[in-house]
Amino acid sequence: QVQLVESGGGLVQAGGSLRVSCAASGRFFSSYTMGWFRQAPGKEREFVATITYSAGSTSYADSVKDRFTIDRDNAKNTVYLQMNSLKPEDTAVYYCAAARLTLPGTKSYEYPYWGQGTQVTVSS
């Protein structure tokens, strides 16, 4: 069992930066692949970034790959999403998710554990 709690969301101007965090608990946390997804108002949830804890492999959506960075601190049971050069279209609720995978996971159905989300709003 894995419990996930996101934090760090807020309001930021376009071009600015923000870091959201996901605190996790569970005996097998260090072996779980972690993912970030987002859902904008009136739109479906979409993949943002993923990272494996065993190998440190990462994958990003094309829309964010040159601006966002996912990383983790296994000792603190925390995964981060550093968001730079933010755009208004990045506005969404950001969710973290966990799965027992050996590869990065880019599909929502691969993840059985989800946090409650944190709101990120980017103003023009």
Side-chain angles (χ1 to χ4, degrees):
Q1 298 292 327
V2 177
Q3 185 178 42
L4 307 173
V5 180
E6 301 96 336
S7 63
L11 177 64
V12 63
Q13 290 182 294
S17 298
L18 196 67
R19 186 181 70 170
V20 291
S21 302
C22 177
S25 62
R27 60 181 298 186
F28 300 115
F29 175 78
S30 63
S31 65
Y32 276 69
T33 289
M34 304 296 296
W36 283 99
F37 294 77
R38 67 186 182 185
Q39 187 167 22
K43 297 185 178 180
E44 296 183 344
R45 189 170 300 184
E46 65 175 350
F47 165 74
V48 177
T50 181
I51 185 170
T52 63
Y53 279 79
S54 58
S57 299
T58 61
S59 183
Y60 297 88
D62 289 340
S63 60
V64 308
K65 67 180 299 181
D66 295 323
R67 300 183 296 117
F68 291 10
T69 302
I70 186 171
D71 59 9
R72 81 291 187 185
D73 187 336
N74 288 341
K76 297 181 178 180
N77 287 1
T78 302
V79 63
Y80 306 95
L81 184 68
Q82 178 67 47
M83 300 178 287
N84 299 323
S85 301
L86 282 162
K87 305 174 181 179
E89 50 262 46
D90 295 318
T91 295
V93 176
Y94 283 72
Y95 299 88
C96 67
R100 189 67 180 270
L101 302 172
T102 58
L103 297 171
T106 62
K107 305 296 184 181
S108 61
Y109 61 75
E110 296 177 292
Y111 293 86
Y113 305 107
W114 292 83
Q116 297 300 306
T118 185
Q119 176 70 48
V120 173
T121 302
V122 184
S123 62
S124 301

**Q** Which label fits Trp114 and Tyr95: parallel for a plane angle under 30°, tilted from 30 to 60°, or perpendicular past 60°?
**A** perpendicular
**Q** Identify the two heavy atoms, one from Ala24 and one from Leu4, that lie closest to each other, and give their separation to 0.1 Å.
**A**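 Scanning both residues completely, I find the closest heavy atoms to be CB-CD2, 3.5 Å.
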**Q** Got a donor-acceptor contact below 3.5 angstrom from the Thr91 side chain to the Val122 backbone?
**A**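 Checked: pair present.
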**Q** For the pair Tyr60 (side chain) and Ile70 (backbone), establish whether a donor and an acceptor sit closer than 3.5 Å, ignoring hydrogens and angles.
**A**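 Present.
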**Q** How many angstroms lie between atom CD of Gln39 and atom OH of Tyr94, to the nearest 0.5 angstrom?
**A** 12.0 Å
**Q** Search all heavy atoms of Ala98 against all heavy atoms of Val2 and return the closest pair with its distance.
**A**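 Reported closest heavy-atom pair: CB-CG1, 4.1 Å.
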**Q** Working to the nearest 0.5 angstrom, can you tell me the gap between Ser108 OG and Glu44 CD?
**A** 9.5 Å
**Q** So Met83 and Val12, do their side chains get closer than 4.5 Å, heavy atoms only?
**A** no
**Q** Looking only at heavy atoms, which two atoms of Ala14 and Ser124 are closest? And how far apart?
**A** CB-CA, 4.4 Å
**Q** For Gly105, is there any backbone N or O sitting under 3.5 Å from a side-chain donor or acceptor partner on Tyr111?
**A**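 Confirmed, Tyr111 side chain pairs with Gly105 backbone.
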**Q** Ignoring hydrogens, what is the shortest heavy-atom contact between Glu110 and Ala99? Give both atom names and the distance.
**A**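 For Glu110 versus Ala99, the nearest heavy atoms are O-CB, 3.2 Å.
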**Q** Do Trp36 and Leu86 sit in one hydrophobic cluster, given that two such residues count as connected whenever their side-chain heavy atoms are within less than 4.5 Å of each other, even indirectly?
**A** yes
**Q** Taking atom CD of Gln3 as the centre, report whether more than 12 heavy atoms of other residues, nucleotides or ligands fall under 6.0 Å from it.
**A**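 No, CD of Gln3 has 12 or fewer neighbouring heavy atoms, counting only those of other groups under 6.0 Å.
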**Q** Minimum heavy-atom separation for Ile51 and Thr58, please, with both atom names.
**A**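 Distance-wise, the nearest heavy atoms are CG1-CG2, 3.7 Å.
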**Q** Is there a path from Phe37 to Tyr32 through hydrophobic residues (I, L, V, M, F, W, Y) whose side chains come within less than 4.5 Å of each other?
**A** no
**Q** According to a hydrophobic-cluster definition based on side-chain heavy atoms being under 4.5 Å apart (Ile, Leu, Val, Met, Phe, Trp, Tyr only), do Phe68 and Val93 belong together?
**A** no
**Q** What is the minimum heavy-atom distance between Ala49 and Leu81, and which atoms define it?
**A**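 Where Ala49 meets Leu81 most closely, the heavy atoms are CB-CD1, 4.2 Å.
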**Q** With rounding to the nearest 0.5 angstrom, report the OG1 to CG distance, Thr121 to Asp90.
**A** 11.0 Å
**Q** Any side-chain hydrogen bond (donor to acceptor under 3.5 Å, both in side chains) pairs touching residues 11-24, not counting sequence neighbours?
**A** Ser17-Asn84
**Q** Out of curiosity, Tyr80 OH to Asp73 CG, how far, rounded to the nearest 0.5 Å?
**A** 5.5 Å
**Q** Is there a donor-acceptor pair under 3.5 Å between the side chain of Glu6 and the backbone N or O of Cys96?
**A** yes
**Q** Between Thr50 (side chain) and Met34 (backbone), is there a donor-acceptor pair under 3.5 Å?
**A**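 Confirmed, Thr50 side chain pairs with Met34 backbone.
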**Q** Can any side-chain N or O of Thr52 pair as donor or acceptor with the backbone N or O of Thr102 at less than 3.5 Å?
**A**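 Pair absent, no side-chain N/O of Thr52 close to backbone of Thr102.
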